[in-house]
Number of protein chains: 2
Amino acid sequence: MYKENNLSKNQQIIFDLIDKSSEPLKAYTILFSVQKKGIKAPPQVYRALDKLVETGKIHKIESKNAFVACRNSNCEISKATAFSICESCEMVDEINDAKLTKYLTNFSDKKGTKYKRFNLEFFGLCKKCK
Amino acid sequence: MYKENNLSKNQQIIFDLIDKSSEPLKAYTILFSVQKKGIKAPPQVYRALDKLVETGKIHKIESKNAFVACRNSNCEISKATAFSICESCEMVDEINDAKLTKYLTNFSDKKGTKYKRFNLEFFGLCKKCK
DNA sequence: TACATAGTGTTATATTATAACAATTTTGCA
DNA sequence: TGCAAAATTGTTATAATATAACACTATGTA
Ligand SMILES: [Zn+2]
Ligand SMILES: [Zn+2]
Ligand SMILES: [Zn+2]
Ligand SMILES: [Zn+2]
């Protein structure tokens, strides 16, 4: 079963839920939603989330402790993530901007250090809320 | 007492602790450290932290749930923050790069939306750990 | 003084996340 | 095919992070 799509049963259930959601989902919201499917305890949810984040299927919105499905081509396996977050309605959109990604991926600080990963969160008002 | 430096007693105690620290501090680490000074309960710590974040004296490192003192000129009151985070030793440095700030402050997405605030976290290895 | 705003102290509780252990399923490969 | 390693699952308990609610005190300004 695992081979077919490389997601395990719990991972698939939880990914489907996140993928269908129009807003970021929190771990315990997910837990309550999937209890009817037999996922009953927090570790089951967190383990699936960890794996999905690791493989770039989902991203964690750090400022919200919530998870969204990746809408890009897996963000070079999550080395370069950027989001816009509405401060009014909580909406989150993944930003897919090649120039921005390039700029930040190539960024080096004053000591000349380059970084191998970044996460960027923009805050403001979405179109609806403006 | 408040007027002298615009920080209240608890705010000053907690700011001093964070400011002197060479690494990000977590709320409960702070709580344990200041109990001898009479700050005994989580809400006292979180309220001070909230105010210090709000006024730009400290920043929250979202990926670590920890707090650092601002090392810039208060980051235009925390509208534009960027950090480098070592994945090995946990060290965090605030990035102060005018070009980067300008680039991101002026960034507008494909729909032309501009954002009023951002937080950027870079991950990699610091000089020591490389 | 008197009022509004900000800060404090306290108890309890909500929310987010992991440790630890036993069992089963899947996978890669001899 | 058959076996061991790796991944996944299930479960209980607990750790770590954060807020609600309420009573009270200090401060700034009119
Ligand atoms: Zn993505
Ligand atoms: Zn909105
Ligand atoms: Zn700063
Ligand atoms: Zn380091």
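Hydrogens, waters and symmetry mates play no part in the numbers below; they use all other heavy atoms, side chains included. A quick note: this is a predicted structure, and the numbers were derived from the prediction, not measured. Residue numbers start from 1 in every chain, and the chains themselves are labelled A, B, ... in the order their sequence lines are given, proteins ahead of strands.
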- line: By nearest-nucleotide position on DNA chain C, the 5'-leaning member of B/Pro42 and B/Gln11 is B/Gln11
statement: So the side-chain hydrogen bond (donor to acceptor under 3.5 Å, both in side chains) pairs with at least one residue in residues 13-26 of chain B (sequence neighbours excluded) are B/Gln12-B/Asp16, B/Asp19-B/Arg71
task: Report yes if the side chains of A/Leu49 and A/Ile30 come closer than 4.5 Å at any heavy-atom pair, otherwise no.
output: yes
message: Just to verify, which of A/Asn10, A/Thr29, A/Ile39 counts as forming a side chain to side chain contact (heavy atoms under 4.5 Å, CB included) with A/Val45?
response: A/Ile39
query: Does any pair with a residue in residues 33-51 of chain A pass salt bridge (charged side-chain N to carboxylate O under 4.0 Å, His left out), and if so which ones, sequence neighbours excluded?
result: A/Lys51-A/Glu54
- prompt: Which other residues end up in the same hydrophobic cluster as A/Leu104, if Ile, Leu, Val, Met, Phe, Trp and Tyr are linked when side-chain heavy atoms come under 4.5 Å apart?
  reply: A/Ile95, A/Leu100, A/Tyr103, A/Phe107, A/Tyr115, A/Phe118, A/Leu120, A/Phe122, B/Ile95, B/Leu100, B/Tyr103, B/Leu104, B/Phe107, B/Tyr115, B/Phe118, B/Leu120, B/Phe122
message: Looking at A/Lys9, I'd like to know whether one of its side-chain N or O atoms comes within less than 4.0 Å of OP1 or OP2 on C/dT24.
response: no
- request: For DNA chain C, find the residues of residues 27-38 of chain A with a heavy-atom distance under 4.0 Å and give them by number; none if there aren't any.
  value: A/Tyr28
query: What integer distance in Å separates A/Glu62:CD from D/dT17:P?
result: 14 Å
Members sharing B/Leu125's hydrophobic cluster (side chains within less than 4.5 Å): none
N or O in side chain of A/Asn10 less than 4.0 angstrom from D/dA7 OP1/OP2: no
field: B/Gln11: partners by side-chain hydrogen bond (donor to acceptor under 3.5 Å, both in side chains), with sequence neighbours left out
entry: B/Ser8
- request: Could you list the residues that satisfy ring pair (Phe, Tyr, Trp, His ring centres under 6.0 Å) with B/Phe83, not counting sequence neighbours?
  value: B/His59
task: Write down the distance between CD1 (A/Ile39) and C1' (D/dG10), rounded to a whole number of angstrom.
output: 11 Å
task: Please identify each residue that fulfils ring pair (Phe, Tyr, Trp, His ring centres under 6.0 Å) with B/Phe67, with sequence neighbours left out.
output: none
query: Which part of the nucleic acid, if any, lies within contact of B/Lys64, taking any heavy atom under 4.0 Å across all strands shown: a base, the sugar-phosphate backbone alone, or nothing?
result: nothing
query: For C/dT15, does OP1 or OP2 lie under 4.0 Å from any side-chain N or O of A/Asn65?
result: no
field: B/Cys70 and B/Glu94, any side-chain heavy atoms less than 4.5 Å apart
entry: yes
- prompt: Whole-Å distance between C/dA17 P and A/Ile14 CD1?
  reply: 14 Å
query: Using the C1' atoms of the five pairs at each end, what is the angle between the end axes of the helix from C/dT1-D/dA30 to C/dA30-D/dT1, to 10°?
result: 40°
- prompt: Do the side-chain N or O atoms of A/Lys26 get closer than 4.0 angstrom to the phosphate oxygens (OP1, OP2) of C/dT15?
  reply: no
message: Just to be sure I understand the geometry, which residues of residues 43-54 of chain A put a non-hydrogen atom under 4.0 Å away from DNA chain D?
response: A/Pro43, A/Gln44, A/Arg47, A/Lys51
message: Filter on salt bridge (charged side-chain N to carboxylate O under 4.0 Å, His left out), then keep only pairs touching residues 117-130 of chain A, sequence neighbours left out; what's left?
response: A/Arg117-B/Glu87
task: Using atom NZ of A/Lys60 as one end and atom C1' of C/dT15 as the other, report the distance to the nearest whole Å.
output: 12 Å
task: Figure out the CZ/C1' separation between B/Phe67 and D/dA16, and round it to whole Å.
output: 13 Å
query: With sequence neighbours left out, which residue pairs that include part of residues 95-112 of chain A fulfil the salt bridge (charged side-chain N to carboxylate O under 4.0 Å, His left out) condition?
result: A/Lys111-B/Asp93
message: For a quick test of reading the model: is some side-chain N or O of B/Ser8 closer than 4.0 Å to OP1 or OP2 of C/dA6?
response: no
